[in-house]
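So the structure is just underneath, and the comments pick up after that.
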Amino acid sequence: MKAKVFITLKPGLLDAQGKTIKGALDALGFRGVRDVRIGKYIEIDLTGGRASRQAVERMCRKLLANPVIEQYRIELVRS
Amino acid sequence: MKVGVVIFPGSNCDADCLYVLKDVLGQDAVSLWHQDTALRGCDAIVLPGGFSYGDYLRTGAVARLSPIMGAVRRFASGGGLVLGICNGFQILLESGLLPGAILRNTGLRFICRFVTLRVERTDTPFTNRFKPGQVIRMPIAHNEGRYTAEAKTIRQIQPQVAFRYCGPDGQVGDAFNPNGSVEAIAGLTNAAGNVLGLMPHPERSSEAALGSEDGRLIFESMIESLAHA
């Protein structure tokens, strides 16, 4: 089992990197870009099968994401 | 005063802190290793600046799991003085010893220059040698210095704000806020007042030859406060 964890800044917090990338896309002439948010992608190879989601949730809360500024989304896939 | 300066893998301001404490201020100071589990009888702890664990994941996120941080947490909850400078501030935030979090500077640049700060509190063990509202100069050197916290937290911590970025006359505004910190917060204490974290570097502004001696007052305040403890 593999866990894919996507971590992004909470909505409302200024994402300075995302804003800069949006500006760069605008400069390249790409139209229709309203906003860009940048985050982290973490891939975790798990040994167990069941109850993995709970374990990954705990990993996110304890270390992978900072709840003051970040939100996370977990996808579990069979490897 | 016996001060312990903690060295994490990637700390790079530890020697400057030890130099100021020992050679400039004549105090007893020792370095503590991140793998240590005891504080060796120190009266105060400094978490120095640098790039602990390469800033992997988030600044301070891995360092706060170091064995020594258990001892630092216990020391702080017992009222011990803990000063976190720059990366040390980030570690205190990640540890939950101070409220809030740090984001990348709004300008996305690593900023290394002197800033002016307004002293907001002079009744803490770290600031008793300043005058209320005093405008001081210290250098900053960081890429991640934008302090933030949830709106409710920001209301609660107002009395804990020790330093704000300001203009030459003490005025606070966007023009004088180098990194986009909420309410221009440059440093704050915990509710009890025995833990201070700040982004500017007092150890780089403790001698006239370095362009400012204002930072030394933070260390002198700690000495003063421990002398009366």
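Sequence lines set the chain letters: A, B, ... in the order given, protein chains first and strands last, and positions in each chain run from 1. Keep in mind that what you see is a predicted model, and the values were worked out from it rather than measured.
The shortest heavy-atom contact between Leu63(A) and Leu65(B) is CD1-CD1, 3.8 Å.
If you take CD1 on Ile102(B) and CD1 on Ile69(A), they are separated by 9.0 Å, rounding to the nearest 0.5 Å.
Leu93(B) does not touch chain A: none of its heavy atoms, backbone or side chain, sits under 4.5 Å away. Interface remark: Ala101(B) contributes backbone and side-chain atoms alike to the contact with chain A (heavy atom separation under 4.5 Å). Neither the backbone nor the side chain of Ile7(A) comes within contact range of chain B, judged by heavy atoms closer than 4.5 Å.
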At a 3.5 Å cut-off, give me the donor-acceptor pairs between chain A and chain B, one pair per line with the distance.
from, atom 1, to, atom 2, distance (Å)
Lys10(A), NZ, Glu150(B), OE2, 3.1
Leu14(A), O, Arg146(B), NH1, 3.0
Leu14(A), O, Arg146(B), NH2, 3.0
Gln17(A), OE1, Arg104(B), NH1, 3.2
Lys40(A), NZ, Leu57(B), O, 2.7
Lys62(A), O, Arg64(B), NH2, 2.3
Leu63(A), O, Arg58(B), NH1, 3.0
Leu63(A), O, Arg58(B), NH2, 2.8
Leu64(A), O, Arg58(B), NH1, 2.9
Asn66(A), ND2, Glu94(B), OE2, 3.2

